[in-house]
> 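Following this message is one structure expressed as structure tokens.
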Amino acid sequence: DADRAFVVCTQLINGPNLNLLGTREPEKYGSQTLSDVITQCQSTCTELGLHLETFQSNHEGHIIDRIHAVLGRAQSTFLVMNPGAFTHTSVAIRDAISGVQVPVIEVHITNVHKREAFRHHSYISDIAVGVVAGFGTYGYEAAIRLAAQHLLPSSNKV
Ligand SMILES: O=C(O)[C@]1(O)C=C(c2cccc(Sc3ccccc3)c2)[C@@H](O)[C@H](O)C1
């Protein structure tokens, strides 16, 4: 029916070093690999009737190209993004997000506000819908569920 035509796409974007997730510092970043995170996100998206596309890069420009590319991929898209260290450095990624005008939920595995001072500022947070930080890799699933509740037209028809 008409509702089924409404495709909502979750774009999961991970930044530098996150390809190595789960291989070191489990006390900080947990023991799940990025592949485990993607599997969990796919399961959550399937449960919520969302499409999922995933991307990870250690290169700022490639992340920017991916942000540009999400335009026109679906009738409705939102970004779940862990920019990694680019969170604290990249005006260019901020500008790319502003340019595409797609809602973003910023995710951090660690609570960046409990870490070094240079991690306390984000170039993304004030243009994001919201931020999930400090809940480990569950933060990704939480962000998808929050997006489904807060960003998508209400699915309960009266
Ligand atoms: O907490 C995060 O998710 C964060 O975005 C992730 C970061 C980060 C930093 C180094 C490595 C990794 S990923 C990783 C984890 C364990 C072993 C190897 C790589 C993420 C930080 O740069 C950020 O300040 C915070």
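This chain uses plain numbering: 1 for the first residue, then up along the sequence. Both counts, for ligands and for their atoms, begin at 1 and track the order of listing. Side-chain atoms are counted along with the backbone in the values below, which use heavy atoms only and exclude waters and symmetry mates. Just so we're clear, the structure is a prediction, and the values are computed from it rather than from any experiment.
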> Can T77 and Q11 be counted as having a side-chain donor-acceptor contact under 3.5 angstrom?
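Note: T77 and Q11 side chains miss the donor-acceptor criterion.
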
> For a quick test of reading the model, state the closest non-hydrogen atom pair linking D126 to R94 and the distance between them.
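Looks like OD1-NH1, 2.7 Å.
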
> What pairs with H68 under ring-ring contact (aromatic ring centres under 6.0 Å, His included), at least two apart in sequence or on another chain?
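Not a single residue meets the ring-ring contact (aromatic ring centres under 6.0 Å, His included) criterion with H68.
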
> Using the ring pair (Phe, Tyr, Trp, His ring centres under 6.0 Å) rule, collect all pairs that involve residues 102-131, keeping only residues at least two apart or in two chains.
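Of all non-adjacent pairs touching residues 102-131, those that pass ring pair (Phe, Tyr, Trp, His ring centres under 6.0 Å) are H121-Y123.
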
> With sequence neighbours left out, what residues match Q149 under side chain to side chain donor-acceptor pair (under 3.5 Å)?
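Q149 satisfies side chain to side chain donor-acceptor pair (under 3.5 Å) with no other residue.
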
> Could you pull out the N/O contacts under 3.5 angstrom between ligand 1 and the surrounding protein atoms?
unit_1	atom_1	unit_2	atom_2	d
ligand 1	1 (O)	I109	N	3.2
ligand 1	1 (O)	T110	N	2.8
ligand 1	1 (O)	T110	OG1	2.6
ligand 1	3 (O)	N82	ND2	2.8
ligand 1	3 (O)	I109	N	2.7
ligand 1	5 (O)	N82	OD1	2.8
ligand 1	5 (O)	H108	ND1	2.8
ligand 1	22 (O)	A85	N	3.2
ligand 1	22 (O)	R119	NH1	3.1
ligand 1	24 (O)	H88	NE2	2.7
ligand 1	24 (O)	R119	NH1	2.9

> Does the side chain of V107 reach to within under 4.5 Å of the side chain of M81, using non-hydrogen atoms?
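Not in contact.
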
